Amino acid sequence: MKTFASFAFLILYSLSLNFLIGQEEQYFEHKITSSHFEAERKVKVFLPDRYLRDTTGQFAIIFVLDAQYEPFWQMAKGNISYMVTSYVMLPSIIVGIHSDDRGSDFTPPARDLRKHIKEEVIPLIKEKYRVNDFRAVIGHSWGGAFVGSTLFSEDRDLFSAYIGISPSFDANDYTIIEAGSSLLKEGKPLNKYLYASAGDLGFREAESAEGLHHMDSLLNAHKTPGVVYDQQIFKGLGHWGCVIPSLSDGLVRMSREVFADQGLLEEMLRKKDTDVFEQLEAFHKKAQDTYDFYFEPSPSYYQSFANDLREQGQLSDAVIFYKKALEMDPEHARATVNLADAYDKLKMPKEAKAAFERTLVLLEEQKDSLPESFYTNVKKWAKEKVDSYK
């Protein structure tokens, strides 16, 4: 049977989240008079729930091509938002690139679209939203040609990560592969991540698979340092059916290059011979060396991960991560009361009492910013626990 605390925190957290999200906008559409296209261009922006909850953190940018096709845009922003808010991938906002003529936009070398994103879209996003320097681009089918041609162009630093779904790497008689060959022969590290996927049904996927084969051969032949390449073939799926699994798989794999998610943290915990935070430091160093970027988990992320450990009975490990969250943010009320609960379950009354007393202090200090139900119920519970230790 779950304790009052475990049950109440989930319910109250949900209530406070709904209250907060209801007060702010999440979707924006910008119009840019583009000098490169000599026309008005649309840019869509969606802010996941986590962006609204974390009012100070910086977020990566996930660029989604073909945002003019509403079903594709809705699918992409919905799935990415879900993964961001669920801590499945690194915190990101979603930016949709609208194309009136995708053939012209995406056909290699696609310089106009690259310059539009570099000189007109990115400055706008940086001005209006809290973003960091990690950027990824997602392109499906012909949009995948833009992914490949940009990776091997002089503008490759536009993005840190490239995700091509059923990508047309064979476009224009393999000019993308040829450009890649010329670039990789120089032997200079690119420091990029590339994910490419396809299904195995239909003629379109047969063409994509051929392009993927050439890309795989190219990267294996040169072994260029700093290029991480993941390839995935989804059996029994066609050109349209592989989109959603590719999106999720690609973003999770990409995130794990720079962001220690639950899977990586649990793997680190299983290595009992090495301190988990020493492993995390090494992970961050590798990410920095490879991509010139890593994402440090927030106190709330560590607190959420600790909650999961606590629910699984891994109380000592949970304490480690609650304490890490509080080291980063000593005023984190939820981490404090959950740490108290973990100590209580570990039969450590002295530590538990101190943490519950600290909870009561934080509740009073933050009373005006906390949901009333959270303040009232947690205060009552914490006082009962403090009295029980006397």
Side-chain angles (χ1 to χ4, degrees), residues 60-66 76 80 89-90 92 97 106 108-110 113-114 117 133-171 174-199 205 207-234 242-243 245-259 286-294:
I61 310 172
I62 308 297
F63 287 89
V64 176
L65 304 179
D66 279 322
I80 297 171
M89 61 174 285
L90 77 162
S92 309
I97 301 298
F106 301 152
L113 183 55
R114 297 205 308 265
I117 293 174
D133 292 329
F134 191 89
R135 300 187 291 268
V137 61
I138 300 171
H140 175 236
S141 191
W142 200 244
F146 177 80
V147 168
S149 64
T150 303
L151 173 63
F152 296 132
S153 76
E154 67 275 13
D155 293 316
R156 56 188 170 275
D157 288 339
L158 263 179
F159 309 105
S160 310
Y162 293 78
I163 296 177
I165 302 172
S166 301
S168 299
F169 288 157
D170 60 337
Y174 290 98
T175 57
I176 294 171
I177 302 301
E178 291 175 4
S181 180
S182 297
L183 178 64
L184 296 177
K185 283 178 181 177
E186 298 177 8
K188 297 178 182 178
L190 299 187
N191 298 324
K192 303 299 174 190
Y193 175 81
L194 173 62
Y195 174 91
S197 66
E205 296 313 90
E207 292 176 346
S208 294
E210 184 68 17
L212 263 61
H213 171 72
H214 281 81
M215 182 65 74
D216 187 61
S217 298
L218 171 69
L219 294 175
N220 280 326
H222 291 284
K223 298 292 185 184
T224 302
V227 175
V228 176
Y229 179 48
D230 278 336
Q231 183 184 122
Q232 182 69 38
I233 301 296
F234 292 93
C242 72
V243 172
S246 295
L247 184 81
S248 300
D249 185 54
L251 287 171
V252 169
R253 289 173 183 254
M254 175 203 78
S255 290
R256 285 181 172 173
E257 292 294 313
V258 295
F259 169 61
K286 180 181 178 181
Q288 182 70 35
D289 291 344
T290 305
Y291 302 103
D292 197 29
F293 178 89
Y294 69 87

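We use all heavy atoms of the structure for the numbers below, so side chains are in, but hydrogens, waters and symmetry mates are not. In this text, all values refer to a predicted model and were calculated from it rather than measured experimentally.
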- Item | Spacing of Ser160 atom OG and Asp133 atom CG [to the nearest 0.5 Å] | 8.0 Å
- List in chain and number order the residues that pass side chain to side chain donor-acceptor pair (under 3.5 Å) with Gln232, two or more places apart in sequence or in another chain; answer none if no residue qualifies. Arg253
- Name all residues meeting the ring pair (Phe, Tyr, Trp, His ring centres under 6.0 Å) criterion together with Tyr294; count only those two or more places apart in sequence or in a different chain, and write none if there are none. His284
- Query: If every non-hydrogen atom of Asp249 is compared with every non-hydrogen atom of Tyr195, which pair is closest and at what distance?
  - Reply: OD2-OH, 2.7 Å
- Item | Gap between atom CG of Leu219 and atom CD of Gln231 - 0.5 Å precision | 9.5 Å
- Item | Phe159: which of Ile61, Leu151, Ile117 passes side-chain contact (heavy atoms from CB on, under 4.5 Å) | Ile117
- Message: Looking at every non-hydrogen atom in both residues, tell me the closest pair between Gly211 and Ile177 and how far apart they are.
- Response: O-CD1, 4.5 Å
- Under the salt bridge (charged side-chain N to carboxylate O under 4.0 Å, His left out) test, residues paired with Asp289 that sit two or more places apart: Lys285
- Aromatic ring pairing Phe106/Phe146, orientation class (parallel under 30°, perpendicular over 60°, tilted between): tilted
- Set of residues satisfying side chain to side chain donor-acceptor pair (under 3.5 Å) with respect to Ser246, sequence neighbours excluded: Ser197
- Item | Heavy-atom pair with the smallest gap, counting every atom of Leu90 and Met254 | CD2-CE, 3.5 Å
- Item | Set of residues satisfying side chain to side chain donor-acceptor pair (under 3.5 Å) with respect to Asp216, sequence neighbours excluded | Asn220
- State the CE-CD1 distance between Met89 and Ile62, to the nearest 0.5 angstrom. 4.0 Å
- What residues, two or more places apart in sequence or in another chain, satisfy side chain to side chain contact (heavy atoms under 4.5 Å, CB included) together with Glu207? Asp170, Phe203
- Query: Hey, what's the ring geometry for Tyr291 with Phe134, parallel, tilted or perpendicular (30° and 60° as the breaks)?
  - Reply: perpendicular
- Task: Identify, with sequence neighbours excluded, every residue that meets side chain to side chain contact (heavy atoms under 4.5 Å, CB included) alongside Ser181.
- Result: Lys185, Leu218, His222
- Message: Taking Ser166's backbone N and O only, do any of them form a donor-acceptor pair with Ser208's side chain (distance below 3.5 Å, no angle check)?
- Response: yes
- Item | Exercise: identify the closest heavy-atom pair between Gly199 and Glu205 | N-OE2, 2.6 Å
- Query: Which heavy-atom pair separates Ile163 from Val147 by the least distance, and what is that distance?
  - Reply: O-CG2, 3.6 Å
- Considering all heavy atoms, the nearest Val64-Ala76 contact: CG1-CB, 3.9 Å
- Using atom types as modelled and distance alone, determine if a side-chain donor or acceptor of Arg114 lies under 3.5 Å from a backbone N or O of Glu154. no
- Residues that Arg135 engages under salt bridge (charged side-chain N to carboxylate O under 4.0 Å, His left out), provided they are two or more places apart: none
- Item | Side chains of Val258 and Tyr193 in contact at under 4.5 Å (non-hydrogen atoms) | no
- Glu210: side chain to side chain contact (heavy atoms under 4.5 Å, CB included) partners, not counting sequence neighbours: Tyr174, His214
- Query: Roughly how far apart are Phe152 CZ and Ile176 CD1, rounded to 0.5 Å?
  - Reply: 8.5 Å
- Item | Passing option when Ile138 is tested against Ile80, Ile97, Asp66 for side-chain contact (heavy atoms from CB on, under 4.5 Å) | Ile80
- Task: Taking side chain to side chain donor-acceptor pair (under 3.5 Å) as the test, write out the residues that go with Thr175, two or more places apart.
- Result: none
- Note on the structure: side chain to side chain contact (heavy atoms under 4.5 Å, CB included) filter on Arg156, not counting sequence neighbours, yields Tyr162, Leu183, Leu190
- By salt bridge (charged side-chain N to carboxylate O under 4.0 Å, His left out), which residues pair with Asp157, not counting sequence neighbours? Lys192
